Q: 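Take a look at this one; I'll ask things after.
Counting convention: from 1, in listed order, for ligands and their atoms alike. Source: prediction; values computed, not measured.
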Amino acid sequence: MKKLAIAALAAAVLCGCSDSGADKVKMITEATFPPYEFLRGHEIVGIDVEICRAVAQKLGREFSCETVDFDSVIPAVISGKADLAAAGITITEDRKKNVDFSVPYVKTGIVVIYKKSVGFTGAEQLKGKKIGVQGGTTSETYVLNELKQEPERSRSPAESVAALKSGRVEFVIADIDPAKNCVKGEPDLAISDFITSEEYAIAIKKGQPELLKAINETIAEIKADGRLAKWIADYTAEADKLKDK
Ligand code: ARG
């Protein structure tokens, strides 16, 4: 009896199957969103990946990351398929009903990508126009709620911009950083000022105060010690370079 208990204990220690868990910290994202997450060959890299890796490190656990369509990112943490949803996710009241958000790590917003030949004078100009957005994003919500019309949905900001270039849409709305990356090397395209003000945070399944605390502490640390600023600079440069190829 005693032997068994000891063996069980040893096994538990070996596989680390205690509280915080042996399992990896699983991040879920949508990796067409440079510099926050994008592909370097087959590897998912970017600012959000580094943040989540730092959270895993803090928890003393291994780390893994997977990419899915953006509208499947939040459902993946709700169902428990993943632990951390990090995909340049904007904190919204609607999303707060379904997940808990960490403290914000970036202040940002969405912008309009337009053809210089057409120009952009303000939001009124967008009414009744064909507008490309990545499905499931706050850009889509903007078109639905503010412009009260249906957007043309795509699976990535780059796909929306391809539609703009070929004339299938007249404007694109996207978050500023991927938008900047998309117009890089495109002399005919430009981006507007912010049309919204948003903040990114990490989303997790509700009711995990310990995990939330670890994430919030990690965010405070990477802000204070300069890691976050460095990742923003490094991954912006790397994502821009990928566009040169
Ligand atoms: N910030 C926007 C939102 O939360 C867009 C995020 C898109 N992220 C991505 N990885 N594709 O809706």
Q: According to ring-ring contact (aromatic ring centres under 6.0 Å, His included), who are the partners of Phe70, at least two apart in sequence or on a separate chain?
A: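 If we apply the ring-ring contact (aromatic ring centres under 6.0 Å, His included) test to Phe70, skipping adjacent residues, there are no hits.
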
Q: So which residues, sorted by chain and number, lie with a heavy atom under 4.0 Å of ligand 1?
A: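 The answer is Glu30, Phe33, Glu37, Phe70, Ala87, Gly88, Ile89, Thr90, Arg95, Gln134, Thr137, Thr138, Asp175, Tyr200, counting any residue whose heavy atom sits under 4.0 Å from ligand 1.
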
Q: Side chains of Glu198 and Thr138: donor-acceptor distance under 3.5 Å anywhere?
A: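 There is such a pair between these side chains.
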
Q: Is any NZ, NE, NH1 or NH2 atom of the basic residue among Arg155 and Glu30 found under 4.0 Å from an Asp or Glu carboxylate oxygen of the other?
A: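 Between Glu30 and Arg155 there is no salt bridge, as every charged N stays at least 4.0 Å from the carboxylate O atoms.
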
Q: For Pro157 versus Gln134, what's the shortest heavy-atom pair and its separation?
A: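 Minimum heavy-atom contact is CD-OE1, 3.5 Å.
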
Q: Over 60° means perpendicular and under 30° means parallel, so tell me whether Tyr200 and Tyr105 are parallel, tilted or perpendicular.
A: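 Rings of Tyr200 and Tyr105: tilted, as their planes differ by 30° to 60°.
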
Q: Ion pair present between Lys130 and Glu170, side-chain N to carboxylate O less than 4.0 angstrom?
A: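 No salt bridge links Lys130 with Glu170.
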
